[in-house]
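Sharing a structure here in structure tokens format.
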Amino acid sequence: MKLNKKVVYVLSAIGVSIVLFFIFLPAILHSLGLHPEYDGKQYDLKGKKALIVTTSHGVLNKPGETEGKKTGVFASEMTIPYYEFLDANMEVDVASIKGGEIPIDPQSFYYFLKSPQDKRYLEDEVFQQKVKNSIPVAQVDFNDYEIVFFAGGWGAAYDMASEMMGEKVSEAYYNSDVLFGSVCHGALAFTEAKDSTGNYLVAGRNMTGVTQKQLKQFGIEYTPKHPQEELEKAGADYKV
């Protein structure tokens with residue numbers, strides 16, 4: 001079957017358009033707000049310490065299942081804060097729920113989702129060794145740090161919220177000046193923390209994380225803990 005010149009031209013134009021779309025996709029997503037660049041005040045925090053805490057769970061599975069789609073921490077939610085702290089001359093440690101090698105969601109490194117910090121990580125042997133040999137969070141004293149940051153990713157839905165984590169957050173909140181932060185599912189680390197009267201620490205506080213709507217948008221069929229749901233249960237004033 002022969003194609004006339006007009007059809008060939010149209011098909012060629014479509015092919016070129018598709019190629020150009022994928023070439024410029026990272027720039028398009030960046031313009032829509034993915035991985036925005038920070039151009040604010042720079043800090044020198046030499047002598048201060050920061051800790052990044054991640055999940056140890058690497059599979060999207062349901063109770064009783066051992067196999068499923070690979071997940072873990074979403075790379076940029078770990079690499080961006082790491083390099084922000086490092087570039088401010090802080091000493092940065094990396095911990096995970098169980099310790100040892102941290103599972104990284106393979107989607108993190110898709111070319112159109114990869115952040116500049118992800119690229120830097122892939123060439124950084126020191127950081128890579130920290131990720132392969134992360135400290136078990138049970139062995140970490142949050143009071144030893146000025147900043148404790150909880151990274152997200154779908155894996156954190158399985159293990160970031162726990163009584164042990166709640167106790168560690170609560171103890172540091174009342175006994176040090178540690179500054180806590182989180183992104184995405186990392187906010188689950190706060191959901192079991194309680195104040196001195198036994199009430200949830202986040203009650204009445206403005207909090208944010210992954211929304212129920214986003215779970216549906218990403219087609220996630222099952223995760224045990226959802227930040228919006230768990231934060232609202234604990235009495236937080238959830239903000240989108």
Side-chain angles (χ1 to χ4, degrees), residues 32-36 51-65 68-69 71-78 80-81 95-98 103 105 107-108 113 137-138 140 142 145 147-240:
L32 294 174
L34 180 67
H35 304 318
L51 175 71
I52 295 175
V53 181
T54 80
T55 181
S56 290
H57 191 87
V59 180
L60 284 172
N61 56 357
K62 295 180 181 179
E65 296 179 346
K69 187 177 180 181
T71 188
V73 64
F74 201 82
S76 61
E77 296 176 13
M78 174 181 65
I80 291 176
S96 64
I97 303 303
K98 294 181 179 179
D105 192 320
Q107 295 184 60
S108 304
L113 294 176
V137 74
V140 175
F142 290 172
Y145 299 88
I147 297 174
V148 175
F149 187 88
F150 300 103
W154 299 112
Y158 292 80
D159 61 5
M160 192 62 76
S162 68
E163 184 176 339
M164 180 269 290
M165 184 68 79
E167 290 174 354
K168 294 184 79 68
V169 170
S170 302
E171 196 274 334
Y173 179 81
Y174 282 104
N175 293 290
S176 70
D177 294 323
V178 60
L179 178 65
F180 287 106
S182 69
V183 64
C184 188
H185 283 79
L188 288 166
F190 301 108
T191 57
E192 294 298 325
K194 295 182 180 179
D195 63 21
S196 55
T197 62
N199 295 314
Y200 286 110
L201 196 62
V202 298
R205 298 174 184 269
N206 294 336
M207 299 289 291
T208 193
V210 175
T211 67
Q212 299 301 113
K213 181 180 178 181
Q214 286 172 313
L215 291 173
K216 295 178 182 178
Q217 289 175 331
F218 285 108
I220 301 299
E221 296 181 0
Y222 175 83
T223 49
K225 298 282 186 178
H226 304 156
Q228 180 177 1
E229 185 176 73
E230 297 302 320
L231 288 168
E232 289 178 341
K233 266 196 233 176
D237 185 4
Y238 186 86
K239 302 292 185 182
V240 177

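Reckoned from all heavy atoms, side chains included, excluding hydrogens, waters and symmetry mates.
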* **Straight-line distance of Ile80 CD1 to Phe74 CZ, nearest 0.5 Å** =>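 Answer rounded to 0.5 Å: 9.5 Å.
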* **Electrostatic pair Glu171-Lys168, nearest N-O below 4.0 angstrom** =>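 A salt bridge is absent here (no side-chain N lies under 4.0 Å from a carboxylate O).
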* Asked: Roughly how far, to the nearest 0.5 Å, is the CD atom of Glu232 from the OG1 atom of Thr191?
  ->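 Going from the OG1 atom of Thr191 to the CD atom of Glu232 covers 12.5 Å.
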* If you measure from CD on Gln228 to NZ on Lys213, what distance do you get to the nearest 0.5 Å? ->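 Going from the CD atom of Gln228 to the NZ atom of Lys213 covers 11.0 Å.
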* Asked: About how many Å separate NZ of Lys225 and CG of Leu188, when rounded to the nearest 0.5 Å?
  ->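 Leu188 atom CG to Lys225 atom NZ measures 8.0 Å (nearest 0.5 Å).
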* Crowded around Gln217 CD? As in, over 12 foreign heavy atoms under 6.0 Å? ->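 Enclosed: over 12 neighbouring heavy atoms sit under 6.0 Å from CD of Gln217.
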* Where Pro224 and Ala157 come nearest, the two heavy atoms and their spacing -> CG-O, 3.2 Å
* Going by heavy atoms in the side chains, are Val137 and Met164 under 4.5 Å from each other? ->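 Yes, at least one pair of side-chain atoms sits under 4.5 Å.
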* Are any of the side-chain heavy atoms of Tyr174 and Asp195 separated by less than 4.5 Å? -> yes
* Report yes or no: does Asp159 contribute a side-chain atom to a donor-acceptor pair with the main-chain N or O of Ser56 at less than 3.5 Å? => yes
* Over 60° means perpendicular and under 30° means parallel, so classify the ring planes of Phe142 and Phe150, tilted if in between. => perpendicular
* Considering all heavy atoms of both residues, which atom of Phe149 and which atom of Pro81 are nearest to each other, and what is their separation? ->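 That closest heavy-atom pairing would be CE2-CG, 3.6 Å.
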* Asked: So, for Lys239 and Thr208, which heavy atoms are closest and what is the spacing to 0.1 Å?
  -> O-OG1, 2.6 Å
* **Spatial distance of atom CG (Asn206) from atom CG (Asp237) [nearest 0.5 Å]** => 5.0 Å
* Asked: Given side chains that start at C-beta, do those of Thr223 and Leu60 come closer than 4.5 Å, heavy atoms only?
  ->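 Side chain of Thr223 against side chain of Leu60, heavy atoms only: contact under 4.5 Å found.
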* To do: Check whether any side-chain heavy atom of His226 lies under 4.5 Å from a side-chain heavy atom of Gln212, and answer yes or no.
  => yes
* **Partner residues of Tyr158 under the ring-ring contact (aromatic ring centres under 6.0 Å, His included) criterion, sequence neighbours left out** =>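 ring-ring contact (aromatic ring centres under 6.0 Å, His included) list for Tyr158, sorted by chain: His57.
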* Gly153 backbone acceptor or donor facing Glu77 side chain under 3.5 Å ->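 Yes, Glu77 side chain to Gly153 backbone: donor-acceptor pair under 3.5 Å.
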* Which atom pair, heavy atoms only, marks the closest approach of Pro227 to His185? ->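 Nearest heavy atoms, Pro227 then His185: CD-CD2, 3.5 Å.
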* Residue pair Cys184 / Gly152: nearest heavy atoms and the distance that separates them -> CB-CA, 4.0 Å
* To do: Give a yes or no on whether the backbone of Gly209 and the side-chain of Tyr238 come within a donor-acceptor separation of less than 3.5 Å.
  => yes
* Does any non-hydrogen side-chain atom of Met160 lie less than 4.5 Å from one of Ile97? -> yes
* Asked: Mind checking whether Lys69 and Gln107 have side chains closer than 4.5 Å, heavy atoms only?
  ->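 Answer yes - side chains close enough.
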* Between Thr55 and Gly72, what is the shortest heavy-atom contact and its length? ->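 Between these two residues, the closest heavy atoms are CG2-C, 3.5 Å.
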* Compare all side-chain heavy atoms of Phe190 with those of Ser182 and state whether any distance is below 4.5 angstrom. => yes
